[in-house]
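Throughout, residue positions are numbered sequentially from 1 according to the sequence presented.
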Amino acid sequence: MATHGDAPGLVQQVDPDAPSLFRIYDYLLGGGHNFAADRAVADKITTLVPGYDVFVRESRTFVRRAVLHMLTAGIEQFLDLGAGMFSAHPVHHLAQAERPDVRVVYVDRDPIAIAGLGLIVHADDPSTGVIEADLRHVDEVLDHAVTTRLLDLTRPVGVVAGSVLHCLPGAEDPAAALARYHERLAPGSLLAASHADGIVLGLESAAAVEDCLARAGITLVHRSRRQFADLLGPWQPHPDGVAPIGLWRPDGLTLPVRECLWGNAVLADRRSEPAERA
């Protein structure tokens, strides 16, 4: 596993003793972009809620399935919000393996995530870029020089928001951010999002996870399926709607394990307004 001293390219001003949710997830996925503090919190969570690592893996697998579905729908450019730095299934690897001309922009506000993404995305890469920004600052993200260089916002964009909206409490108004992306992006754009569900996990277990993370300075807000759906605002879910992660267009017919039901997922459209169709 990575340490502050043996992870090349990581910015030196980052405190290795301050855990990060994306690095906790990376550790639970078997990745190497994490510190001892991240691993300690992850181990506490899996002690409190055995199987939480399975939920994290299934949440990341949803991103893979969603990206492949968006490619099938004709999406040729992606915006990965709260991208983190995942060893498993980075979006540009998934998409460009199917279509080498696909363009991807990663967005994250964690400096280690940005530095880590820089290890797999070259600065002069003509098809992939990285932005250090808060996903809530929609105009900053969409008007950034990297975005305008790589993405054509007059054409549909695939927006990926995997396991990031539950990092935003209601006071930070994630619904308003999603509505603004809907307003700015072209008709035909798609949103793939996932979110932890405290009802299915169990209120006591959800509270234990939230408290463990809060003690480490990390915010995570579990939302029910209905509450998650309410965040989508003008985005129109596909016919399968908001579904448990393990039941969202699964790869096979095998029934999912219970941990696959601890979160919800959705693929939603940015449809044309009536005036645009007239």
Side-chain angles (χ1 to χ4, degrees), residues 14-15 18-29 31 33-35 37-38 41-42 44-45 48-49 52-53 55-60 62-63 66 79-86 88 90-91 106-114 116-117 130-138 140-141 159-181 191-201 205-225 227-233 235 242 245 262-266:
V14 173
D15 181 0
S20 158
L21 187 60
F22 106 78
R23 297 195 305 269
I24 291 169
Y25 284 173
D26 179 76
Y27 169 61
L28 294 174
L29 289 166
H33 302 281
N34 48 78
F35 298 139
D38 306 307
V41 175
K44 288 178 183 177
I45 291 173
L48 290 168
V49 184
Y52 201 82
D53 56 326
F55 164 63
V56 171
R57 288 199 299 273
E58 289 299 318
S59 298
R60 193 61 193 169
F62 157 73
V63 170
L79 184 67
D80 189 352
L81 301 175
M85 171 54 188
F86 293 106
V91 168
Y106 291 106
V107 181
D108 206 289
R109 62 184 179 184
D110 186 305
I112 286 193
I114 294 300
L117 285 165
V130 182
I131 297 172
E132 183 173 358
D134 190 317
L135 69 86
R136 296 171 301 155
H137 302 160
V138 180
E140 177 185 341
V141 169
V159 181
V160 177
S163 299
V164 65
L165 297 175
H166 54 223
C167 299
L168 303 176
E172 296 189 16
D173 207 354
L178 291 182
R180 181 59 176 160
Y181 283 108
L191 168 68
S194 62
H195 199 296
D197 186 330
I199 301 297
V200 180
L201 174 60
S205 293
V209 171
E210 290 181 12
D211 181 67
C212 181
L213 290 170
R215 292 174 183 273
I218 299 169
T219 298
L220 189 145
V221 180
H222 290 85
R223 292 182 174 95
S224 69
R225 189 183 310 178
Q227 290 171 323
F228 174 38
D230 288 344
L231 295 183
L232 301 176
W235 291 92
V242 177
I245 287 174
W262 291 351
N264 296 299
V266 69

Q | Distance, nearest 0.5 Å, that separates CG of L28 from OH of Y25 | A | 8.5 Å
Q | Verdict with reasoning, R109 to R136, per side-chain contact (heavy atoms from CB on, under 4.5 Å) | A | CA-CA 10 Å; R109 62 184 179 184; R136 296 171 301 155; 3.5 Å; yes
Q: Please confirm whether the backbone N or O of C167 pairs with a side-chain atom of T219, one donor and one acceptor, at under 3.5 Å?
A: no
Q: Using atom types as modelled and distance alone, determine if a side-chain donor or acceptor of H166 lies under 3.5 Å from a backbone N or O of A196.
A: yes
Q | Where A133 and E140 come nearest, the two heavy atoms and their spacing | A | CB-OE2, 3.7 Å
Q: Nearest 0.5 Å please: distance from the CD atom of E210 over to the CG atom of L201.
A: 9.5 Å
Q) So, does D108 use its side chain to make a donor-acceptor pair with the main chain of G84 at under 3.5 Å? A) yes
Q: Could you tell me which non-hydrogen atom of L48 sits nearest to which non-hydrogen atom of A208, and how far apart they are?
A: CD1-O, 3.8 Å
(Q) For L232 and V242: C-alpha separation, side-chain torsions, deciding distance, then whether side-chain contact (heavy atoms from CB on, under 4.5 Å) applies. (A) CA-CA 10 Å; L232 301 176; V242 177; 4.1 Å; yes
Q. What closest approach, in Å, do H222 and Q227 show between heavy atoms, and which atom pair accounts for it?
A. O-OE1, 4.4 Å
Q: Please tell me if the side chains of P90 and Y106 come closer than 4.5 Å, counting only heavy atoms from C-beta onward.
A: yes
Q. When the aromatic ring centroids of F55 and Y52 are compared, is their separation below 6.0 Å?
A. yes
**Q.** Value rounded to 0.5 Å, distance of CD1 in I245 from CZ in R57
**A.** 13.0 Å
Q.
Test of understanding: with salt bridge (Lys or Arg N to Asp or Glu O under 4.0 Å), list the residues that count as partners of R180, not counting sequence neighbours.
A. D139, E183
Q. Distance-only, no hydrogens or angles: does the D26 side chain make a donor-acceptor pair with backbone N or O of H33 under 3.5 Å?
A. yes
Q. Looking only at heavy atoms, which two atoms of L81 and V164 are closest? And how far apart?
A. O-CG1, 3.8 Å
**Q.** side chain to side chain donor-acceptor pair (under 3.5 Å) partners of S20, counting only residues at least two apart
**A.** D110
Q.
I'd like to know if the side chain of W235 and the backbone of L178 have a donor-acceptor N/O pair within less than 3.5 Å.
A. yes
Q) At their closest point, which heavy atom of V63 faces which heavy atom of G162, and how far apart are they? A) CG2-CA, 4.2 Å
Q) Sub-3.5 Å donor-acceptor pair from the side chain of Y181 to the main-chain atoms of L135, do we have one? A) yes
Q) If you look at every heavy atom in I45 and C212, which pair is closest and at what distance? A) CG1-SG, 3.8 Å
Q. From I112 CD1 over to N34 CG, what is the distance, rounded to the nearest 0.5 angstrom?
A. 10.0 Å
Q. For the atom pair OG (S163) and CG (L220), what is the distance rounded to the nearest 0.5 Å?
A. 9.0 Å
Q) With D197, which residues qualify under side chain to side chain donor-acceptor pair (under 3.5 Å), at least two apart? A) N264
